[in-house]
Amino acid sequence: MSAAPLRRVARVVLLDPEDRVLLLHGHEPDDPDDAWWFTPGGGLEGDETHEEAALRELAEETGVTDVELGPVLWRRTCSFPFDGRRWDQDEWYYLARTAQTTTVAAGLTELERRSVAGARWWTCRELAGAHETVYPTRLAELLRRLLDEGPPAAPEVLDTEIV
């Protein structure tokens, strides 16, 4: 019997005019103390492209629609427990820029309403000094390199993360 296919996911590294990155604050639905920060995004639906999913998820989770979607920065395979099951994902991280810094999470699913506690814009310095859990785990370092060197010529494949 073969393993289930990886869930295809599009994520967005959304930067504002001050080069702050937008992260969502998530937690286990029944345990708000088991919390972390993560980039907006989610699974592809139907025959949706990664780009379409990235823009749809960003709008649903943040209300941000005035966005310039850039290239895929990173790809990552990850596996983690959440809401009583294991999620195995192939994630594509898109660069995006916006001047729209007010967020409204009006399109959350029922599960997201029980597990997303808000959003925050982070500077690279704040991320580097954060004591909270952030996914992907090297985001501060990756963001610093992105801001210093610009997007990679081809998507960088990040180490697999298994939680």
Spatial distance of atom CG (D83) from atom CG (D31) [nearest 0.5 Å]: 12.0 Å
Heavy-atom count check: over 12 atoms from other residues, nucleotides or ligands less than 6.0 Å from R85 CZ? yes
Steps toward side-chain contact (heavy atoms from CB on, under 4.5 Å) verdict (L22, D16): CA-CA 8 Å; L22 183 67; D16 74 359; over 6 Å; no
Tell me the salt bridge (charged side-chain N to carboxylate O under 4.0 Å, His left out) pairs involving residues 60-72, sequence neighbours left out? R56-E60
Atom pair CG/OG1 of L23 and T62 - distance to nearest 0.5 Å: 12.0 Å
Same apolar cluster (I L V M F W Y, side chains within < 4.5 Å links), L147/L139: yes
If you take all heavy atoms of V72 and W92, which pair is closest and at what distance? CG2-CE3, 3.9 Å
Is L127 reachable from V13 through a run of I, L, V, M, F, W or Y residues, each pair having side-chain heavy atoms under 4.5 Å apart? yes
Hey, could you give me the CG/CH2 distance between L143 and W122, rounded to the nearest 0.5 Å? 12.0 Å
So does T101 get a backbone contact from the side chain of W121, meaning a donor-acceptor N/O pair under 3.5 Å? yes
Looking only at non-hydrogen atoms, find the nearest pair between H27 and R114 and report the distance. CE1-O, 3.2 Å
Going by an N to O cut-off under 4.0 Å, is there a salt bridge joining D19 and R144? no
Donor-acceptor list for residues 73-80 side chains, cut-off 3.5 Å, not counting sequence neighbours:
unit_1 : atom_1 : unit_2 : atom_2 : d
R75    : NH2    : D90    : OD1    : 3.2
R75    : NH2    : D90    : OD2    : 2.9
R76    : NE     : E91    : OE1    : 2.9
R76    : NE     : Y93    : OH     : 3.4
R76    : NH1    : E161   : OE1    : 3.4
R76    : NH1    : E161   : OE2    : 2.8
R76    : NH2    : E91    : OE1    : 2.7
R76    : NH2    : Y93    : OH     : 3.4
S79    : OG     : R86    : NH1    : 2.8
S79    : OG     : D88    : OD1    : 2.5

Verdict with supporting geometry, E28 and F82, side-chain contact (heavy atoms from CB on, under 4.5 Å): CA-CA 6 Å; E28 274 293 331; F82 176 70; 3.6 Å; yes
Exercise: identify the closest heavy-atom pair between A140 and C124: O-SG, 3.7 Å
Can you give me every donor-acceptor pair (side chain of residues 34-43, partner residue at least two apart or in another chain, under 3.5 Å) with its distance?
none

Does the side chain of Q89 reach to within under 4.5 Å of the side chain of L6, using non-hydrogen atoms? no
Report yes or no: do V116 and V134 belong to one cluster of Ile/Leu/Val/Met/Phe/Trp/Tyr joined by side chain heavy-atom distances under 4.5 Å? no
If I take atom CG from residue L69 and atom CG from residue L58, how far apart are they, to the nearest 0.5 angstrom? 8.5 Å
Tightest non-hydrogen contact, residues A119 and T103, listed as CB-OG1, 4.0 Å
What distance do H25 atom NE2 and S115 atom OG have between them, rounded to the nearest 0.5 Å? 11.5 Å
Salt-bridge criterion met for E132 and R120 (N-O under 4.0 Å): no
Find out if a path of hydrophobic residues (ILVMFWY) with successive side-chain heavy-atom gaps under 4.5 Å connects V21 to Y135. no
Taking all non-hydrogen atoms of both residues into account, name the closest pair between R8 and E48 and its distance. NH2-O, 4.0 Å
Same cluster (ILVMFWY, side-chain, under 4.5 Å), V12 and V64: yes
Looking only at atom types and distance, does a side-chain atom of Q100 sit under 3.5 Å from a main-chain N or O of T65, one as donor and one as acceptor? yes
When every non-hydrogen atom of E156 is compared with those of L142, the smallest separation belongs to OE1-CD2, 4.0 Å
